[in-house]
Q: 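Quick one: the structure is below, questions incoming.
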There are 2 protein chains.
Amino acid sequence: MVDTDGVRPGPRRTLSEEAILDAALSLLAESGADRVTIRGIAARVGVAPNGVYTYFPDKAAVLHGVVESILGGVNHDRFVDPSLPWRDRIEALALELRGELLAHPGSVHLLLADPMTGANSRAVTDTVLSILADAGLPPEDAMLASHLISVHVLGSVALEVADPRMSDAEDRAARYLWGLTRVLDGLSTHVGAR
Amino acid sequence: MVDTDGVRPGPRRTLSEEAILDAALSLLAESGADRVTIRGIAARVGVAPNGVYTYFPDKAAVLHGVVESILGGVNHDRFVDPSLPWRDRIEALALELRGELLAHPGSVHLLLADPMTGANSRAVTDTVLSILADAGLPPEDAMLASHLISVHVLGSVALEVADPRMSDAEDRAARYLWGLTRVLDGLSTHVGAR
DNA sequence: ACCTGAACACCGTTCAAGT
DNA sequence: ACCTGAACACCGTTCAAGT
């Protein structure tokens, strides 16, 4: 899950990349995105503030690792079965991603600010692209459709996290699905007219 | 445009809410969202760092004002003509909003983090709702559709600003329109099936 | 190679004081 | 009422030093 190549024993390596990311994730879950701080992480893993820089070059790299770690929790096997209708597969993946992002409030904003440049991010995109290819979309349209789905997932969750006005969780889930259905309808029309 | 009620003369009011917001906007345009700083604004308008707090209670209020100021630049008159096809009107408004947001890089993230709680934000939403009502959508569906369109506009621009991989501006605009067309197709299907 | 103490250049915000 | 100086409690990051 986590990139750990280049790790060679030095004098007492008390930590690991993963330990730092775990600390960052728990900070994210407990206190929100703006409390994910190099100094907070260092305190949680029991090291001086600058000790973190042995494992990551800067804060952006840590946040990148956090995003990758979250996206690593997605199990792709459940969406690759090509015998299922492509819309059901996209819908299931979109629901899974929403759940993963909502489980870590603040992670959406990290993804929106530093998008899609990691191995696990690409893996999700590749899964979407393969489903769309199964649906009969030519590669160029599949790219556009994949981007559209990313926009919907990330945009929806970002607004959902930020806006406390719609208090009922079930209503928010229904709204998410309603929008996703419109998007998939629009894509279906395009597939039918290809 | 800017909320200026409650302004009464005191001993030498050297500034105004608007002057502070203008400073914030220029900072946003020049240096990006994370450089929009209370201290930076204060320096630009020639006041001590805490002088800003005479005009705004905290930084969040300043950012809120910035968002409102940006959204105040949208001229709604061009989208209210009900004789035009509703899809064209939504499309024109969505393009206008994208332009406004791209003109101030970083503003999207402000909107995604503090959404829709100001007068100008509501004005944009109301315009969308009235267009959708003209299209024949019942109020409940119009709310869902309006939210879907917000998600698309904000999500698209956020990813566009953050991701420098697609370098050609024309390609990015085409991608935006492609996605918007799918969304509007999905809504058209729903309108037709009502 | 790894970790630390100390420092640098920043933040947002508060508070007492001056006018 | 408005503005300031000073301070508080933070940031990310660097650098020289210790092991």
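We use all heavy atoms of the structure for the numbers below, so side chains are in, but hydrogens, waters and symmetry mates are not. Order of the sequence lines fixes the chain letters, A, B, ..., with proteins taken first and strands second; residue numbering starts at 1 for each chain. Keep in mind the model is a prediction, meaning the values are calculated, not measured.
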Q: Which of these nucleotides, D/dT13, D/dC3, C/dT4, is closest to any side-chain atom of B/Val47?
A: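 The answer is D/dC3.
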Q: Over how many whole Å does the gap from A/Phe56 atom CZ to C/dC3 atom P extend?
A: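 Going from A/Phe56 (CZ) to C/dC3 (P), I get 13 Å.
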Q: Whether A/Tyr55 contacts C/dC3 is assessed here as follows: a side-chain N or O lying under 4.0 Å from the phosphate OP1 or OP2. Is that the case?
A: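 Affirmative; the distance criterion is met.
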Q: When you match A/Thr54 and A/Arg39 each to their closest nucleotide on DNA chain C, which lands nearer the 5' end?
A: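 With A/Thr54 and A/Arg39 compared, the 5'-side residue is A/Thr54.
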Q: So if I take every side-chain heavy atom of A/Tyr53 and compare against D/dC11, D/dT13, C/dC11, which nucleotide ends up nearest?
A: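 The answer is D/dT13, which lies nearest to the side chain.
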Q: Tell me the partner of C/dT19, counting only Watson-Crick (N1-N3 plus N6-O4 or O6-N4) or G-U wobble (N1-O2 and O6-N3) with both under 3.5 Å; none if nothing fits.
A: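 Checking every strand shown, C/dT19 finds its partner in D/dA1, with both distances under 3.5 Å.
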Q: May I ask you to decide whether B/Arg87 forms a salt bridge with B/Asp185, counting only side-chain N to carboxylate O separations under 4.0 Å?
A: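 Between B/Asp185 and B/Arg87 there is a salt bridge, with a charged N closer than 4.0 Å to a carboxylate O.
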Q: If you compare every side-chain N and O of A/Thr14 against the phosphate oxygens of C/dC3 (OP1, OP2), does one of them come in below 4.0 Å?
A: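 Checking C/dC3 against A/Thr14, a side-chain N or O does come within under 4.0 Å of OP1 or OP2.
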Q: For the pair made of CG in A/Asp58 and C1' in D/dC11, what is the distance, rounded to whole Å?
A: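 About 15 Å, once rounded to whole Å.
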Q: Return the nearest nucleotide to the side chain of A/Ile38; candidates are C/dC3, C/dG12, D/dG12.
A: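 My answer, after comparing the listed nucleotides, is D/dG12.
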Q: Would you call A/Arg89 and A/Asp134 a salt bridge, using N to O less than 4.0 angstrom?
A: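 A/Asp134 and A/Arg89: salt-bridged.
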Q: What integer distance in Å separates A/Arg35:CZ from D/dC11:P?
A: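 A/Arg35 atom CZ is separated from D/dC11 atom P by 8 Å.
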Q: Compare side-chain N and O positions of A/Thr37 against OP1 and OP2 of D/dG12 and report whether any pair is under 4.0 Å apart.
A: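 Checking A/Thr37 against D/dG12: at least one side-chain N or O falls below 4.0 Å of OP1 or OP2.
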Q: State plainly whether the residues A/Arg35 and A/Glu30 are in salt-bridge range, i.e. N to O under 4.0 Å.
A: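 Salt bridge between A/Arg35 and A/Glu30, a charged N being under 4.0 Å from a carboxylate O: no.
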Q: Closest to the B/Lys59 side chain: C/dG12, C/dC3, D/dG12?
A: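 Among the listed nucleotides, the one closest to the side chain of B/Lys59 is C/dG12.
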Q: Report the base-pairing partner of C/dA6 (Watson-Crick or G-U wobble, both distances below 3.5 angstrom), or none.
A: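 Its partner is D/dT14.
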Q: So, B/Ser156 versus B/Arg98: side-chain donor-acceptor pair below 3.5 Å or not?
A: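 Side-chain D/A pair, B/Ser156 to B/Arg98: absent.
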